[in-house]
Amino acid sequence: MPPTGDVLPDITKITTGLLVDSEVLRGGLRLLLDRIGCTTRVLGEGEPTGDVDVLLVAGRRWRALELAGEPPDRPLVVVLLDADAVDLDPDLPADGFVSVDSLSAEVLEDTLERALRGELPMPGDLARRLLTGGQARIPERQSRAVSLTAREAETLGLLAVGLSNKQIARNLRISTHGAKRLVSAVLIKLGAPNRTAAVVTAMKIGLV
């Protein structure tokens with residue numbers, strides 16, 4: 001299971017699974033992952049994912065993904081997006097995003113390390129498109145007015161810049177348990193199943 005937390009993980013000790021249909025993209029990813037020292041497995045349709053730490057997922061394989069719970073009870077999911085992808089489904093698991101157009105060993109390594117630390121890596125152009133009206137799908141029930149306390153609003157802002165629970169706790173000068181409680185309250189009020197969905201929803205309804 002993924003070693004999430006504030007301590008920088010040894011990326012050479014993780015196993016990355018590839019759920020990518022494109023043979024060209026899959027080959028490029030394997031070369032980049034080899035360069036940064038990750039062990040890599042190519043996963044077929046329906047193949048178990050329990051023995052990998054991070055899943056790199058693209059296209060329809062993301063939409064077909066069935067994973068329950070949150071890390072560390074499941075692998076981290078990093079979604080590979082093309083230039084026009086803003087149709088983010090908040091019901092699908094996602095712990096980070098990386099743009100195929102900007103892929104390099106350095107970008108991929110940074111994305112994986114941030115995801116393993118519990119942050120939410122997201123390309124700046126994707127965040128800007130979401131903020132300016134990208135077509136991320138938000139369920140009807142989430143378009144209602146959301147009332148957050150001042151503390152919850154602060155927590156949401158920190159979630160939006162990709163901070164982990166421990167980092168949120170330090171910023172707010174509270175315990176990690178208190179930060180987890182605030183994050184849970186924000187997710188419940190936004191009707192979001194996970195942190196990614198919460199941020200996307202908040203962007204769409206103008207909370208961040």
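Values in this document were obtained by computation on a predicted structure and should not be read as measured data. Below, each value reflects all heavy atoms present in this structure, side chains not excepted, and no hydrogens, waters or symmetry copies.
Side chain to side chain, Q167 and S164 meet the donor-acceptor criterion of an N or O pair below 3.5 Å. Checking R195 against N165 by side-chain atom types alone, a donor-acceptor pair falls below 3.5 Å.
Annotation: the span from T12 atom OG1 to I36 atom CD1 amounts to 10.0 Å, rounded to 0.5 Å. With rounding to the nearest 0.5 angstrom, the OG1 atom of T155 is 10.5 Å from the CZ atom of R181. Atoms CZ and CG, on R114 and L163 in that order, are 9.0 Å from each other to the nearest 0.5 Å. Note that CD1 of I11 and OG1 of T39 are 11.0 Å apart. Values are rounded to the nearest 0.5 Å. Atom CG of L81 is separated from atom CG of D101 by 10.0 Å, given to the nearest 0.5 angstrom. Separation of atoms CZ (R117) and CG (L112) is listed at 11.0 Å; rounding is to 0.5 Å.
Residues A94 and V79 come closest through the heavy atom pair CB-CG2, 3.9 Å. Taking all atoms of both residues into account, the shortest heavy-atom contact from P93 to V77 is O-CG1, 3.5 Å.
Taking 4.5 Å as the limit, every side-chain heavy atom of E152 sits out of range of all side-chain heavy atoms of L207. No side-chain heavy atom of V78 sits under 4.5 Å from any side-chain heavy atom of V57.
A salt bridge does not link D53 to K13: none of the charged nitrogens lies less than 4.0 Å from a carboxylate oxygen.
Within a 6.0 Å radius of CZ in R151, other residues, nucleotides and ligands contribute more than 12 heavy atoms. The 12-atom threshold is exceeded at CZ of R61, counting heavy atoms of other residues, nucleotides or ligands nearer than 6.0 Å.
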Checklist entry - After noting the C-alpha distance and the side-chain angles of T40 and T15, does the key distance pass the side-chain contact (heavy atoms from CB on, under 4.5 Å) rule? => result CA-CA 6 Å; T40 308; T15 299; over 6 Å; no

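Tested against L18 for a side-chain contact (heavy atoms from CB on, under 4.5 Å), the candidates V52, L55, V54, L33 yield a single pass: L33.
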